[in-house]
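Keep in mind the model is a prediction, meaning the values are calculated, not measured. Computed over heavy atoms, backbone and side chain alike; hydrogens, waters and symmetry mates excluded.
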Amino acid sequence: MTIPFQKYHGTGNDFLIIHADEYVPDRGALAARECDRDAGVGADGILYLALEEKFRPPRVVMTLVQPDGSTAPMCGNGARCAAEWAMDRTDTDSVMIDTQSGTLRADRTDGVITIEMGTPTFDPADVPVRADEPVFEEEIDGLEVTMVNTGVPHAVAFVDDVDDVDLETVAPPVRHGDAFPKGTNVTIASPDGDGGFDQRTYERGVEAETDSCGTGAVAIAVVARRLGRTDADPVEVRPPGGDLQVSFNDRGNATLTGPVEHEFDGEVTPESPAEL
């Protein structure tokens with residue numbers, strides 16, 4: 001038995017998309033195997049999508065299973081890929097994405113996808129981080145970070161040049177720090193001189209640096225504005241995989257805009273029940 005998938009990426013943040021109706025005995029095991037870039041197809045996660053066309057705009061229920069087998073409540077670039085996938089199947093340019101972090105609207109304009117990212121929070125209980133008050137530019141496990149939740153937790157650090165940082169060395173102690181009951185993503189940013197920022201992110205669940213992270217881009221913009229590092233709107237954020245724009249609408253919600261590409265289609269073989 002094989003299962004069809006579509007491979008999409010948003011600024012290099014890549015995902016296998018599998019229809020949620022497909023029977024997968026162990027979603028975590030499939031993600032661990034097929035996300036491996038040497039032994040599998042290679043991806044930053046598997047998106048399981050359920051399309052509900054009776055609504056207007058259509059809705060798509062998104063579940064992201066990460067390479068370590070965990071389920072992430074939100075993924076900005078993943079949601080943009082899910083939106084493109086759903087729009088292509090419903091002949092629309094607007095969809096609603098149901099995630100574990102809430103329901104978000106996505107729109108397609110001039111070939112790029114903009115998704116509403118909800119309201120970021122610095123509240124320690126909501127990040128979550130073990131602290132009595134919001135964490136702004138405090139040293140935690142060797143990195144000076146500001147803590148924010150943009151659908152998932154991010155420890156954001158501003159540095160002179162992101163390319164000078166050995167992220168694979170400095171990020172893991174923070175990612176697994178005792179201050180974070182659910183762990184955290186680790187995002188570093190450096191100013192580009194025009195109110196925007198270069199970005200690198202070590203992602204929880206992938207347990208490595210990714211070419212792009214949408215929630216990380218939003219985290220950089222939110223924290224930079226809060227700390228007075230920029231007043232730009234939109235804020236240009238440049239991860240290694242491409243350019244993203246973060247803006248803020250009249251409801252106080254952040255939006256994330258960028259390109260999405262459908263790479264190819266294929267099939268994978270799930271483990272049989274005897275192998276579980």
Under 4.0 Å between a Lys/Arg side-chain N and an Asp/Glu carboxylate O for [X] and [Y]?
X: Asp231; Y: Arg225; result: no
X: Arg59; Y: Glu53; result: no
X: Arg200; Y: Asp161; result: no

Verdict with reasoning, Leu51 to Thr90, per side chain to side chain contact (heavy atoms under 4.5 Å, CB included): CA-CA 9 Å; Leu51 189 58; Thr90 57; 3.8 Å; yes
Using 0.5 Å steps for rounding, measure from the OG1 atom of Thr210 to the NE2 atom of His9.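 Answer for the OG1-NE2 pair, Thr210 versus His9, is 13.5 Å.
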So how far is it from Cys75 SG to Ile97 CD1, rounded to the nearest 0.5 Å?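 It is 11.5 Å, given to the nearest 0.5 Å.
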Check: [Y] and [X] side chains under 4.5 Å, non-hydrogen atoms:
X: Val223; Y: Leu227; result: yes
X: Thr63; Y: Arg27; result: yes
X: Thr71; Y: Gln100; result: yes
X: Glu263; Y: Asp14; result: yes

Please check if the side chain of [X] supplies one atom and the backbone of [Y] the other of a donor-acceptor pair under 3.5 Å.
X: Asp36; Y: Asp38; value: yes
X: Asn13; Y: Asn77; value: no
X: Thr230; Y: Gly195; value: yes
X: Gln199; Y: Cys213; value: yes
X: Asn185; Y: Glu203; value: no
X: Arg80; Y: Gly258; value: yes

What pairs of residues pass the side-chain hydrogen bond (donor to acceptor under 3.5 Å, both in side chains) test when at least one of them lies in residues 232-249, not counting sequence neighbours?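 Only Glu116-Asn249, Asp192-Arg238, Asp233-Ser247, Glu236-Gln245 qualify under side-chain hydrogen bond (donor to acceptor under 3.5 Å, both in side chains).
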Does Met1 form a side chain to side chain contact (heavy atoms under 4.5 Å, CB included) with Glu22? I'd like the steps, not just the answer. CA-CA 11 Å; Met1 182 181 69; Glu22 297 288 348; over 6 Å; no
Does atom CG of Asp265 have more than 12 heavy-atom neighbours, drawn from other residues, nucleotides or ligands, at distances under 6.0 Å?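 For Asp265, atom CG is crowded (more than 12 foreign heavy atoms under 6.0 Å).
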Output all residues satisfying side chain to side chain donor-acceptor pair (under 3.5 Å) with Arg33, sequence neighbours left out; order by chain, then residue number.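 Applying side chain to side chain donor-acceptor pair (under 3.5 Å) to Arg33 gives Glu271.
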Cluster partners of Val268, using ILVMFWY side-chain heavy atoms under 4.5 angstrom, listed by chain and number?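 Under the 4.5 Å side-chain rule, Val268 groups with Ile3, Phe5, Leu16, Ile18, Val24, Leu30, Val41, Ile46, Tyr48, Val65, Phe264.
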Take Ser70 and Asp68, measure what side chain to side chain donor-acceptor pair (under 3.5 Å) needs, and give me the verdict at the end. CA-CA 6 Å; Ser70 65; Asp68 70 349; 2.6 Å; yes
Tell me every residue that passes side chain to side chain contact (heavy atoms under 4.5 Å, CB included) with Arg105, counting only those two or more places apart in sequence or in another chain.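 Per chain and number, Arg105 pairs via side chain to side chain contact (heavy atoms under 4.5 Å, CB included) with Pro57, Ser94, Met96, Asp107.
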I'd like to check the ring-ring contact (aromatic ring centres under 6.0 Å, His included) partners of Tyr202; sequence neighbours left out, ordered by chain and number.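 For Tyr202 there are no ring-ring contact (aromatic ring centres under 6.0 Å, His included) partners, ignoring immediate neighbours.
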Atom pairs and distances, side-chain donor-acceptor, residues 140-158, under 3.5 Å, sequence neighbours left out:
residue	atom	partner	partner atom	Å
Thr146	OG1	Glu137	N	3.0
Asn149	OD1	Gly151	N	2.7
Asn149	OD1	Val152	N	3.3
Asn149	ND2	Asp126	O	3.1
Asn149	ND2	Val127	O	2.8
Thr150	OG1	Thr215	O	2.9
His154	ND1	Thr187	OG1	3.0
His154	NE2	Thr215	OG1	2.8
His154	NE2	Gly216	N	3.3

Determine whether Leu47 and Met62 satisfy the following criterion, side chain to side chain contact (heavy atoms under 4.5 Å, CB included), listing intermediate values before the conclusion. CA-CA 7 Å; Leu47 296 171; Met62 180 182 98; 4.0 Å; yes
Tell me which one of Phe15, Tyr8, Trp85 satisfies ring pair (Phe, Tyr, Trp, His ring centres under 6.0 Å) with His262.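 Among Phe15, Tyr8, Trp85, the one meeting ring pair (Phe, Tyr, Trp, His ring centres under 6.0 Å) with His262 is Tyr8.
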Taking it one step at a time, do Thr269 and Glu267 satisfy side chain to side chain donor-acceptor pair (under 3.5 Å)? CA-CA 7 Å; Thr269 304; Glu267 296 181 340; over 6 Å; no
Nearest heavy-atom pair of Thr201 and Leu167: which atoms, and what distance?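 Minimum heavy-atom contact is C-CD2, 3.9 Å.
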Please step through side chain to side chain donor-acceptor pair (under 3.5 Å) for the pair Ser101 and Thr99, ending with a clear verdict. CA-CA 5 Å; Ser101 288; Thr99 77; 4.7 Å; no
